[in-house]
2 protein chains.
Amino acid sequence: MNSCDACVVRNRSICAALDSVEVEALNAIGRRRTLEPGESLIWEDSESVLVANVVEGVLKLSTGTEDGREQIVGVVYPSDFIGRPFGATTPHSVTAMTEAKVCVFSRTDFDGFASRHPALEHKLLQRTLTELDRTRRWMLLLGRKNAEERVATFLLDMSERLVDPGCDTPDQPLDRFDLPFSRQQVGDILGLTIETVSRQFTKLKRDGIVDLPSRRAVVIRDRAELKALAG
Amino acid sequence: MNSCDACVVRNRSICAALDSVEVEALNAIGRRRTLEPGESLIWEDSESVLVANVVEGVLKLSTGTEDGREQIVGVVYPSDFIGRPFGATTPHSVTAMTEAKVCVFSRTDFDGFASRHPALEHKLLQRTLTELDRTRRWMLLLGRKNAEERVATFLLDMSERLVDPGCDTPDQPLDRFDLPFSRQQVGDILGLTIETVSRQFTKLKRDGIVDLPSRRAVVIRDRAELKALAG
DNA sequence: CGCTAACTTGAGAATGTTCAATAGACGTGG
DNA sequence: CCACGTCTATTGAACATTCTCAAGTTAGCG
């Protein structure tokens, strides 16, 4: 038995395109790695040497300006693919937000394997197209939404994406969850300062739309209203 | 002889993955179409029925909020691919900015053809990965840059992307070009109002960094300074 | 129980938006 | 070829929102 058989994301990651013999072959060129919160796997503008599947945890993709402003350009969850195959450099950093487990491959090894397995490339293409759609939707938020709309949209998005991946029930949005982000990171996702984020959180709580029992915990009390505020 | 042999983007579009027999087969399921400026090919949130290659012209990809704010989420040029293969809906509109020629396919026909031609899917994957990188880089602009930086970044980006595609010389950025966009559209790309864009253009002109001989024409007079302003 | 880092709150400043008026470019028809 | 009308862009002034800087406050951890 190979270790992939027990993998929690075996059937949701791009590996789902492979049969058990193929997945064994892929397993042979990869290795598991655990990341601590704050630890980076890939650095902005570095040579693209690694790609990986997320097995557990949440990671951010980020870029910044020379003078230190940061923008989070993506957040990845279990079963998501990270890194830049078929390309020289990775244009953003990849950093663990929580403790995370990833299944790492040398980029060139992976490129070769993928080229020999069209079904895998097909999965990767689908995933990349979906991610591009999601990223473009986020551009509307960054370009045209105000602080209140941004925070409301963010909370709704989180409630949909943090659903337990192993869960068999149809993916229903959560009304109660823990953010994997600090206020600063929420700001970096939304293109706002930490103070503006904090003020909007306070306002939503004051208006009874959400409850914030602890720093990271969120309870959505009036989803309909939150949707209305999201624009 | 099939019409693709004479196609100006034959060797730069995803069709470059195909030999002459295959390209003939693809040609059989596609058709040429001309779009007038302002004409849309695909509408936001519509069922994904069409995909296409851009042969000539410039098109925008855009989304908007219910109350009419628009954000341009991408701009495509000759040889670029448009539409959403392998998916139910297209999350953004596609509209011609200039007169444009496109090579259109039924989405389902294309999906089938692509599935039978891994080399084509591979090209499409590479293209999608590159587009995702570009889109994420634009998020830094929308989330963290001020008006001056946005306009400077935009002009540099345009000077690099508007190079004549047929040109054999190594792609050098243009110091003189015509914008395919109105001021309003530049605003919609940069997440700014038309007035703010106009003021920044005027400022760059006053400072001697660019010259604006007509509404659409741009001359970059001090590229180094423009880069410094881009942040 | 106290320390520290993270978060909240407040006040003022900066940046960009809005609304309104003007100027200029471009196409059309005389 | 010029006059006109319309659409686009520019400019100005007041306003709104978000940012910045600074001072508290609180949660979580040793």
Side-chain angles (χ1 to χ4, degrees), chain A residues 36-38 64-65 67-71 97-99 141-155 178-207 210-219 229 231, chain B residues 36-38 64-65 67-71 97-99 140-155 178-207 210-218 229 231:
Chain A
E36 295 306 313
T65 56
D67 62 337
R69 289 169 282 177
E70 180 175 328
Q71 179 65 46
M97 306 271 72
T98 61
E99 187 175 277
L141 177 144
L142 292 176
R144 292 299 187 200
K145 291 191 177 180
N146 64 27
E148 181 175 55
E149 294 170 318
R150 290 186 199 199
V151 169
T153 306
F154 169 76
L155 291 176
D178 279 320
L179 289 174
F181 306 110
S182 69
R183 291 287 183 274
Q184 179 60 61
Q185 286 160 350
V186 175
D188 289 340
I189 291 173
L190 298 177
L192 297 171
T193 58
I194 182 174
E195 295 94 333
T196 301
V197 173
S198 179
R199 279 186 252 270
Q200 294 300 329
F201 271 52
T202 304
K203 185 154 167 287
L204 288 173
K205 183 177 181 174
R206 199 176 56 229
D207 296 349
V210 303
D211 198 14
L212 306 167
S214 76
R215 285 186 170 176
R216 299 289 183 111
V218 176
V219 179
L229 291 177
Chain B
E36 295 306 313
T65 56
D67 62 334
R69 287 170 283 176
E70 181 176 327
Q71 178 65 46
M97 307 270 71
T98 62
E99 186 175 277
L140 177 63
L141 177 143
L142 292 175
R144 293 299 187 200
K145 291 190 177 181
N146 64 26
E148 182 175 55
E149 293 171 319
R150 291 187 197 198
V151 169
T153 306
F154 169 76
L155 291 175
D178 279 319
L179 289 174
F181 306 111
S182 68
R183 290 288 183 274
Q184 179 61 61
Q185 287 159 350
V186 175
D188 289 339
I189 290 173
L190 298 178
L192 297 170
T193 59
I194 182 172
E195 294 94 332
T196 301
V197 173
S198 181
R199 279 185 251 269
Q200 294 300 330
F201 271 53
T202 304
K203 185 155 166 289
L204 288 173
K205 184 177 181 175
R206 199 176 56 228
D207 296 349
V210 303
D211 200 13
L212 305 166
S214 76
R215 284 185 172 178
R216 299 288 183 111
V218 176
L229 291 177

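In the text below, chain A, chain B and the rest are named by the order of the sequence lines, each starting its count at 1.
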More 5' along DNA chain C: B/P213 or A/V197, using each one's nearest nucleotide? A/V197

Of all the heavy-atom pairs spanning B/I189 and B/F154, show the shortest one and how long it is. CD1-CE1, 3.9 Å

Looking only at side-chain atoms of A/T193, point me to the closest of D/dT18, C/dG16, D/dC19. D/dC19

Send over the distance from A/D67 CG to D/dT20 P, rounded to a whole Å. 10 Å

Who pairs with B/S198 by side chain to side chain donor-acceptor pair (under 3.5 Å), at least two apart in sequence or on another chain? none

Non-hydrogen atoms of A/D188 and B/R144 that approach each other most closely: OD1-NH2, 2.9 Å

Proximal nucleotide (of D/dC19, C/dT17, C/dG16) relative to the B/R199 side chain: C/dT17

Please report the distance, rounded to the nearest Å, between CZ in B/F201 and P in D/dT11. 13 Å

Looking at residues at least two apart in the chain, or sitting in another chain, which of them share a side chain to side chain contact (heavy atoms under 4.5 Å, CB included) with A/R199? A/E195

Need the bend value for the helix from C/dC1-D/dG30 to C/dG30-D/dC1: angle between end axes, 5 pairs each end, nearest 10°. 40°

Rounded to whole angstrom units, what separation is found between the CD1 atom of B/I194 and the P atom of D/dT10? 8 Å

For atom CG of B/L142 and atom P of D/dT18, their distance in whole Å: 16 Å

Please report the shortest heavy-atom distance between A/R150 and A/L142, naming the atom on each side. NH2-O, 3.0 Å

How close do B/T98 and B/P180 get, counting heavy atoms only, and between which atoms? CG2-CB, 4.0 Å

Taking 4.0 Å as the cut-off, does a side-chain nitrogen or oxygen of A/T202 come that near to OP1 or OP2 on C/dT9? yes

Of the listed nucleotides (C/dT17, C/dT8, D/dT18), which one gets closest to any side-chain atom of A/L192? D/dT18

Search all heavy atoms of B/K145 against all heavy atoms of B/T153 and return the closest pair with its distance. NZ-OG1, 3.2 Å

Provide the closest heavy-atom pair for A/P37 versus A/M97 in the form atom of the first, atom of the second, distance. CB-O, 3.7 Å

Are the side chains of B/L190 and B/T196 in touch, meaning some heavy atoms are under 4.5 Å apart? no

Distance in angstrom units between B/K203 NZ and D/dT10 P, rounded: 15 Å

Side chain A/Q185, main chain A/S182, donor-acceptor under 3.5 Å: yes

Between P on C/dT17 and CD on A/E149, what's the gap in Å once rounded to a whole number? 14 Å

Strictly below 4.0 Å, heavy-atom distances to any atom of DNA chain D: list the hits from residues 179-191 of chain A, or just say none. A/G191

Here the distance between atom P of D/dT8 and atom CG of B/L212, to the nearest Å, is 19 Å

In whole angstrom, what separates B/K205's NZ from D/dA9's P? 14 Å

For A/E148, enumerate each residue passing the salt bridge (Lys or Arg N to Asp or Glu O under 4.0 Å) test, keeping only those at least two apart in sequence or located in another chain. A/K203

All N/O pairs under 3.5 Å across the protein-nucleotides 22-29 of chain D interface:
unit_1	atom_1	unit_2	atom_2	d
D/dT26	O2	A/R215	NH2	2.9

Just so I know, are the side chains of B/N146 and B/E149 near enough to count as touching, which here means a heavy-atom distance under 4.5 Å? yes

